[in-house]
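Hydrogens, waters and symmetry mates play no part in the numbers below; they use all other heavy atoms, side chains included. Note that the structure is a prediction, hence the values are computed from the model and not measured.
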Amino acid sequence: MPAPPEAGRAPGPPDGGWGWVVVFGAFVSIGFAYAFPKGLAIFFKEIQDFFGTSYSEIAWVSSIMLATTYGAGPISSILVNRYGSRPVVMFGGLLCGVGMISAAFCTSILQLYICVGFITGFGLALNLQPSVIIIGKYFLKRRPIANGLAMAGSPVMLCTLAPLNQFLFDSFGWRGSFLILGAILLNCCVAGALFRPIGAGTALVKTQVTEEAKEALKGKIPEDGPMENRAEEEGGKDCFEKINQYLDFSLFKHRGFLIYLIGNVLMFLGFFAPIVFLAPYAKHTGIDEYSAAFLLSILAIVDMVARPTTGIVANSKWVRPRIQYFFSFAIAFNGACHLLCPLASSYTGLIVYSSFFGLAFGMVCAMLFETLMDLVGAARFTSAVGLVTIAECCTILLGPPIGGILIDTFGDYKYMFIKCGSVMVLAGTFLFIMNYYNYRMLAKEEKERKTKEEEPKSP
């Protein structure tokens, strides 16, 4: 395969240097993108009473925000491919601030859906994907560790936001709190400013050549590589081809990508609802507000340690070659925690649940994007993130409201936890079995390739 035209301009991902500053910026922006929708759960009970809504109606606020954050993934990916990560994240931070400040003046739950759900959610989408993508451009060998450190931003932010939101509510009410939170979210603009653009060839030379060669061996992409195809098809592109330039729809022919996509879509049906309803559940059992908020802090503290630790373990020579199994176990472990939650009938029991939930949640989040990059390679990762997030947004949107409907119907939170636990155990089991099949098929295809290469050499 001929070298890309940028080959002489960059030696490859630096795996350090300014990359660690980029990791810090990603730490902040990813932290807000993941933790902010969960931290808002502190206000739900009071907003519910203020507007006279049901559990399922108030749950739509977080659901719309999370679904918009994931559903806008392709838009975010296209903008990153067109303009780079820095301006996209800075614009996203501005949108987040505007959305929350506008929410402080809302007079109906529908207006909250628009300001908090859609506007702030879209701003968070412009923070999440570019932050994950740029880490892949700065790191290769240390990528699992860098991803683990950046993803640790979520529990750190959640640990901070849970008590902060309770303090802000007690001091300023939910409207005043939203104004202050809007100002805090503007710090995403500062985080985005740290994303110094890396040379056009830096992310491509080492990763494109090595990853595409590796994937060609595995039968994931054609052996002649996409660069030659791109050159041949440069003339006379139709609308679909122009879109495909930014979003690689050929990924839907990729066996490993499809396995990952199906498993994750199922997983997200039960992934976020337990966090959204943890504090309300504690209040429902008679626990005071600050103690209920402290459960989220416990979860976040354990999560904070679990993510970088998982990154280190995933980067080890024993785990990295079969990281998909580790990811499958983490999802099933997460579901088992939810299935056992109804047995926690006291505050001590909820502390134990929050601790194990934080561990399982951190394990999943630390490997969420690393496993995708392991399957598709760095060169196709930007498109893969966009396509995965748009598919996941449907179950993310439905998860918390379905949980709220179960609570409204049965008057008990345990059915919500059982539903979430069941679908996550199912998702983990599916991924484990299908990844075993995928590894077997890859080994078989590589064996056949070697056999074909040896045939001409024989007399």
Side-chain angles (χ1 to χ4, degrees), residues 30-51 53-70 93 95-106 108-125 127-128 153-188 271-283 289-290 292-297 299-300 361 396-397 399-401 403-404:
I30 290 174
F32 277 121
Y34 276 119
F36 195 77
K38 305 171 196 128
L40 285 182
I42 299 296
F43 303 102
F44 280 4
K45 185 65 177 174
E46 289 71 21
I47 295 176
Q48 181 182 351
D49 294 338
F50 184 87
F51 289 116
T53 60
S54 65
Y55 283 104
S56 58
E57 286 175 322
I58 194 64
W60 278 104
V61 176
S62 282
S63 290
I64 293 172
M65 180 187 286
L66 287 167
T68 305
T69 300
Y70 278 77
L95 275 182
C96 289
V98 169
M100 289 307 297
I101 291 171
S102 301
F105 301 97
C106 290
S108 69
I109 192 70
L110 180 61
Q111 292 174 2
L112 276 181
Y113 291 162
I114 296 171
C115 294
V116 179
F118 288 109
I119 298 177
T120 306
F122 185 61
L124 294 177
N127 273 267
L128 178 60
S154 174
V156 171
M157 291 296 179
L158 182 59
C159 184
T160 306
L161 285 174
L164 175 64
N165 286 352
Q166 190 63 57
F167 170 77
L168 290 176
F169 174 76
D170 292 340
S171 303
F172 305 103
W174 67 269
R175 292 187 185 276
S177 300
F178 280 13
L179 281 173
I180 296 171
L181 289 172
I184 291 174
L185 281 173
L186 292 175
N187 284 288
C188 292
F271 194 59
F272 288 114
I275 291 184
V276 171
F277 288 108
L278 179 57
Y281 173 51
K283 293 178 185 178
E289 295 175 345
Y290 275 95
F294 185 63
L295 290 173
L296 289 176
S297 297
L299 186 153
F361 192 85
I396 289 171
L397 179 67

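- Not counting sequence neighbours, the partners of F50 by the ring pair (Phe, Tyr, Trp, His ring centres under 6.0 Å) test are W174.
- With sequence neighbours excluded, the residues satisfying side-chain hydrogen bond (donor to acceptor under 3.5 Å, both in side chains) with Q111 are T107.
- By the ring pair (Phe, Tyr, Trp, His ring centres under 6.0 Å) test, F172 pairs with no residue at all, sequence neighbours left out.
- Residues G173 and S177 share a closest heavy-atom pair of O-OG, 2.7 Å.
- Across A35 and M157, no two heavy atoms sit closer than the pair CB-CB, 3.6 Å.
- How far CG of L112 is from OG of S102: 11.0 Å, rounded to the nearest 0.5 Å.
- Under the 4.5 Å side-chain criterion, counting only non-hydrogen atoms from C-beta, L161 is not in contact with I184.
- Residues F36 and M100 meet the side-chain proximity criterion, which asks for heavy atoms closer than 4.5 Å.
- Put simply, the side chain of I30 does not reach to within 4.5 Å of the side chain of N127, judged on heavy atoms.
- Within the 4.5 Å cutoff, the side chain of T120 has no heavy atoms near those of the T68 side chain.
- Side chains of F43 and V116 form no contact here, defined as non-hydrogen atoms less than 4.5 Å apart.
- Taking a 6.0 Å sphere around CZ of F169, one finds it holds more than 12 heavy atoms contributed by other residues, nucleotides or ligands.
- How far CG of N165 is from CD1 of I180: 10.0 Å, rounded to the nearest 0.5 Å.
- Summarising the geometry of F32 relative to C188, their closest heavy-atom pair is CD1-SG, 3.5 Å, with the distance given to 0.1 Å.
- Of all the heavy atoms in S297 and P163, the pair that sits closest is OG-CD, 3.4 Å.
- The main-chain N or O of L124 is never found under 3.5 Å from a side-chain atom of T69 such that the two would form a donor-acceptor pair.
- Not counting sequence neighbours, the partners of A104 by the side-chain contact (heavy atoms from CB on, under 4.5 Å) test are F178, L179.
- Summarising the geometry, atom OG1 belonging to T53 is positioned 5.0 Å from atom CD1 belonging to I109; distances are rounded to the nearest 0.5 Å.
- Of the possible donor and acceptor atoms, none in the side chain of D170 sits under 3.5 Å from a partner among the backbone N and O of F167.
- In this structure, the ring pair (Phe, Tyr, Trp, His ring centres under 6.0 Å) partners of Y281, at least two apart in sequence or on a different chain, are Y413, F417.
- Of all non-hydrogen atoms in L296 and A279, the two that sit nearest each other are CD1-CB, 4.3 Å.
- Residues that satisfy the ring pair (Phe, Tyr, Trp, His ring centres under 6.0 Å) test with Y34, not counting sequence neighbours, are absent from this structure.
- Taking each heavy atom of L168 and L181 in turn, the nearest pair found is CD1-CD2, 4.2 Å.
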